[in-house]
Chemist: 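Here you go, one structure.
Reckoned from all heavy atoms, side chains included, excluding hydrogens, waters and symmetry mates. Below, chain A is the first sequence line, B the second, and so on; all start at residue 1.
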Amino acid sequence: MTLLKAVRGTRDLLPPETELWNRVEATARRVFARYNFGEIRTPIFEDTQLFARGVGEETDIVSKEMYTWEDGERFEKSLLISKWLLANRSNFVEVIDKSPSGTSFIDLECKDHDGNLEYVIFAARSSHDALSGLASAVVKERALSSERRANAKVTGRLVISSPLPGGSETTTKEGLVIEAVHGSFFKSSQSLTLRPENTAGVVRAYIEHKLGETGLLQKLYYIGPQFRRERPQKGRYRQFWQIGAEVIGPPSAGSESPLRDAEVLEMLASFLDELGITGWSLALNSVGSATDRPRYIAALREALKDKAPQMCADCQRRAETNPLRVLDCKVPEDQPIIETLPRIADYLDDESKAHFAAVLVALDACGVKYEVNPRLVRGLDYYTRTTFEFTHGGLGAQNALLGGGRYDGLSEMLGGPKAPGIGFAMGLDRLVLTLQAAQSESAAALADAYIAPLSDVLNAPALELARELRCAGLKIELGDGSFRLKKSFEIGNKVARAIVLLGEDEQRSGILTVKDFASGEQRKVPRGELAGALKGPEI
RNA sequence: GCGGCUAUAGUUCAGCGGCAGAACGCCUGACUGUGGCUCAGGAUGUCGUGGGUUCGAUCCCCACUAGCCGCCCCA
């Protein structure tokens, strides 16, 4: 038996690491709540169309990184059969299901009023499997019936749900009929995808529940796993966790205001500070309206025709495939050339320029440090105007801690009302990595006390004592009466700040022996005062 | 998806074509109600998986799987 392991790009999170994850999540919830955000939880899989339309068909995420599957094929087949039978049932006196197990088609033996036999096989498509199954059934039956009933006719029919090239019916060279049945068999079948990001899902929910009808700004945050089939690397997993938030609403609610952008950025700065992450930097840019961007890309492509041949091999390729990525190049020799390329700022319309300027004014006012980076471009199609990225050194190639921006046209792209918005997503995995690097030795939070019963008969009283202390809000680890005292001390010293001895004396007198590991001080404490005596310093 | 490096004890890692190693950690005892220090003893294991070469492979070769680094892309 081969050992089953977590699949590539996924991993288990264990204590004490999970404690750090919980702290990050708790901090996010606390900080976001101060800005009046509420939590939204959307499904982990959605209709594939949502991402194709929202994120963009041409992006790497959609074109090659999604976990997508077709759902509901079984349902579709039974619909097909029932529809076909409804139309043809009167032609037959007997219908027997003879489906071989383990095949992808359903096999019916139908006998008509004249005793003729017809084999009917249903399949989603005219697959090789289904055709050969049909052919062999017919051939076999013909061989038998030639002896049994010389006059009996045996025919075969393959019913499929996909359209046929030449019309609704065609005949194979073996004389088998292939018939296409049109209808709503695909209704229950749909292409589903594990979400590669959460913004599209949030906007879908916004539209579906008509949240815009409230007239209010919706401020929603989410915490959850996302899925992309990329090559795993440090800080990059196939199942990874994001914390994100979206501010979205009708324009009348102020959703388009540059103040929203600045407020979100200021909240993020507070969040990172509160988490104790130092050394982050914020890069900011505007990619303009939905019409500005294509104009800029065209200009960039034009400029690169001359410049690209002098650049690195990667850039030469990017110039063709994805010119915006040239701006991201890190090769030192290419930097002077990149400086000479057209800047997106020069291609913004006046409204976008004014919007961006207002964002900067608001940020300056509240003292959030940033750097305008005219080269900052984002990979998802829905971004407009303000885009940003918080980076942190020490994350290797995956230095983006958090990214986001405005998406003024996304709702319309998904068939919803006009609902401008701005949001971000941060990589929780990367955030935790950064925190772990910062606090080299993350001391696991010790229990307030370790209770050591000194014999087996004291186990039950020890549990009672533990319950008492736990009810008082203390974090208690419970030992075992079979341990030798030395062992109890050794374990206690590892997992708790203090040890409480429960021996026969203590049980009788109700006065417990408590020893603090840090100071080595040992004292007798009446049971009633124990909880107070063990209360640790607030962390 | 492409290129490079790696895979040995719970952990970090040495090692060698011929009995599987160290440090830390773990267990037992010296010490029957007092930890950290010390001393004595002990257990670690599919040497990532599968094939090949060889009398013999943890070691050499191939494939696979996984991880790390870079690219791509992104959070």
Chemist: Tell me the ring pair (Phe, Tyr, Trp, His ring centres under 6.0 Å) pairs involving residues 505-535 of chain A, sequence neighbours left out?
Modeler: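 Counting only pairs at least two positions apart or across chains, no ring pair (Phe, Tyr, Trp, His ring centres under 6.0 Å) contact touches residues 505-535 of chain A.
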Chemist: Whole Å only: how far is the CZ atom of A:Phe240 from the C1' atom of B:C73?
Modeler: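 Distance check: A:Phe240 CZ to B:C73 C1' gives 11 Å.
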Chemist: Considering residues at least two apart in sequence or located in another chain, which fulfil the side chain to side chain donor-acceptor pair (under 3.5 Å) criterion with A:Asn373?
Modeler: none
Chemist: Between A:Arg204 and A:Glu46, is there a side-chain N and carboxylate O pair less than 4.0 Å apart?
Modeler: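 Counted as a salt bridge, because a side-chain N and a carboxylate O are separated by less than 4.0 Å.
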Chemist: Any base atoms under 4.0 Å from A:Gly403, or only sugar-phosphate, or nothing? Heavy atoms, all strands.
Modeler: sugar-phosphate
Chemist: Could you write out each protein N or O paired with an N or O of nucleotides 23-26 of chain B at a distance under 3.5 Å?
Modeler:
unit_1, atom_1, unit_2, atom_2, d
B:C26, OP1, A:Lys494, NZ, 2.2

Chemist: Look at the side chain of A:Glu197 and the backbone N and O of A:Ala200, then say whether any donor-acceptor pair between them is shorter than 3.5 Å.
Modeler: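 Pair found, side chain donor or acceptor close to backbone of A:Ala200.
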Chemist: Could you pull out all residues at least two apart from A:Arg53 that satisfy side chain to side chain donor-acceptor pair (under 3.5 Å)?
Modeler: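 Listed in chain order: nothing, the list is empty.
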Chemist: Check the interface with nucleotides 66-68 of chain B: list each N/O to N/O pair with the protein under 3.5 Å, or write none.
Modeler:
unit_1, atom_1, unit_2, atom_2, d
B:A66, OP2, A:Arg8, NH1, 3.4
B:G67, OP1, A:Gly9, N, 3.0
B:G67, OP2, A:Arg8, NH1, 3.3

Chemist: Measure the acute angle between the ring planes of A:Phe32 and A:Phe271, then classify it against the limits of 30° and 60° as parallel, tilted or perpendicular.
Modeler: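 Plane angle between 30° and 60°, so tilted.
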Chemist: Looking at A:Glu25 and A:Arg30, is any side-chain nitrogen of the basic one under 4.0 Å from a carboxylate oxygen of the acidic one?
Modeler: no
Chemist: Please state how far atom CD1 in A:Ile499 lies from atom P in B:G35, giving the value in whole angstrom units.
Modeler: 10 Å
Chemist: Please report, rounded to the nearest Å, how far the P atom of B:A75 is from the CD atom of A:Gln226.
Modeler: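 Checked: the CD to P distance equals 11 Å.
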Chemist: Output the pairing pattern of RNA chain B as a dot-bracket string, 5' first, Watson-Crick or G-U wobble with both distances under 3.5 Å, | for cross-strand pairs, [ ] for crossing pairs.
Modeler: (((((((..((((....[..)))).(((((.......))))).....(((((..]....))))))))))))....
Chemist: Could you name each residue pair satisfying ring pair (Phe, Tyr, Trp, His ring centres under 6.0 Å) that touches residues 294-323 of chain A, not counting sequence neighbours?
Modeler: A:Tyr296-A:Tyr347
Chemist: Can you confirm whether A:Arg41 is buried at CZ, in the sense that more than 12 heavy atoms of other residues, nucleotides or ligands lie under 6.0 Å from that atom?
Modeler: no
Chemist: Applying a 4.0 Å non-hydrogen cut-off, can you work out what A:Glu490 is touching in the nucleic acid: base, sugar-phosphate, or nothing?
Modeler: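 Answer is sugar-phosphate: A:Glu490 comes under 4.0 Å of backbone atoms only.
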Chemist: Strictly by salt bridge (charged side-chain N to carboxylate O under 4.0 Å, His left out), give each pair with a member in residues 275-291 of chain A just once, sequence neighbours left out.
Modeler: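 Of all non-adjacent pairs touching residues 275-291 of chain A, none passes salt bridge (charged side-chain N to carboxylate O under 4.0 Å, His left out).
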Chemist: Taking salt bridge (charged side-chain N to carboxylate O under 4.0 Å, His left out) as the cut-off, I'd like each qualifying pair that reaches into residues 485-495 of chain A, sequence neighbours left out, listed once.
Modeler: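 Only A:Lys486-A:Glu490 qualify under salt bridge (charged side-chain N to carboxylate O under 4.0 Å, His left out).
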Chemist: Mind checking if A:Phe424 touches a base, just sugar-phosphate, or nothing, with heavy atoms under 4.0 Å?
Modeler: nothing
Chemist: If I take atom CG in residue A:Leu324 and atom C1' in nucleotide B:C74, what distance separates them, rounded to the nearest angstrom?
Modeler: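 Roughly 15 Å, once rounded to whole Å.
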Chemist: If I take atom OH in residue A:Tyr383 and atom P in nucleotide B:C74, what distance separates them, rounded to the nearest angstrom?
Modeler: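 Checked: the OH to P distance equals 10 Å.
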Chemist: Rounding to a whole Å, what distance do you find between A:Asp429:CG and B:C74:C1'?
Modeler: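 After rounding, the reported distance stands at 13 Å.
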Chemist: Syn or anti for B:C19? Use the chi torsion, O4'-C1'-N9-C4 for purines and O4'-C1'-N1-C2 for pyrimidines, with syn inside 90° of 0.
Modeler: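 Syn conformation here, the glycosidic angle of B:C19 being no more than 90° from 0.
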Chemist: Is the count of non-hydrogen atoms from other residues, nucleotides or ligands lying under 6.0 Å from A:Glu39 atom CD greater than 12?
Modeler: yes
Chemist: In whole Å, what separates the C1' atom of B:C47 from that of B:A9?
Modeler: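 Rounded to whole Å, the distance is 10 Å.
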Chemist: Quick one: side-chain contact (heavy atoms from CB on, under 4.5 Å) partners of A:Glu339, sequence neighbours excluded?
Modeler: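 side-chain contact (heavy atoms from CB on, under 4.5 Å) check on A:Glu339 returns A:Arg343, A:Arg375.
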Chemist: I'd like a table of donor-acceptor pairs (distance under 3.5 Å, sequence neighbours excluded) in which one partner is a side-chain atom from residues 420-427 of chain A, with atom names and distances.
Modeler:
none

Chemist: Taking only the P atom of each, what is the distance from B:U6 to B:C59 in whole angstrom?
Modeler: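 Each nucleotide's P atom is 15 Å from the other's.
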Chemist: Roughly how many Å apart are B:C68 and B:U12, using the P atom of each and rounding to a whole number?
Modeler: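 Straight-line distance between the two P atoms is 13 Å.
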Chemist: Rounded to the nearest Å, what distance is computed from the CD1 atom of residue A:Ile61 to the P atom of nucleotide B:G1?
Modeler: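 Going from CD1 in A:Ile61 over to P in B:G1 covers 17 Å.
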Chemist: State whether A:Tyr237 and A:Arg11 meet the cation-pi test: NZ (Lys) or CZ (Arg) under 6.0 Å from the six-membered ring centroid, and within 45° of the perpendicular axis.
Modeler: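 Flagged: A:Arg11 positioned over aromatic ring of A:Tyr237.
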Chemist: Using a 4.0 Å heavy-atom cut-off, write out nucleotides 28-34 of chain B from 5' to 3' as B (base contacted by protein), S (sugar-phosphate only) or - (no contact).
Modeler: SSBS-BB
Chemist: Once you apply a heavy-atom cut-off of 4.0 Å, does A:Arg11 come out as touching a base, just sugar-phosphate, or nothing?
Modeler: nothing
Chemist: Say we look at B:G70 and B:C13: how far apart would their C1' atoms be, to the nearest angstrom?
Modeler: 25 Å
Chemist: Looking only at atom C1', what distance separates B:U54 and B:A14, rounded to whole Å?
Modeler: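 So the two C1' atoms sit 26 Å from each other.
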Chemist: Students often get this wrong, so: under 4.0 angstrom with heavy atoms, is A:Gly244 touching a base, only sugar-phosphate, or nothing?
Modeler: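 Counting heavy atoms under 4.0 Å across all strands, no contact is made by A:Gly244.
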Chemist: To the nearest Å, how far apart are A:Lys64 NZ and B:C73 P?
Modeler: 8 Å
Chemist: Between B:A22 and B:U44, how far is it from one P atom to the other, in whole Å?
Modeler: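 Taking atom P in both B:A22 and B:U44, they lie 12 Å apart.
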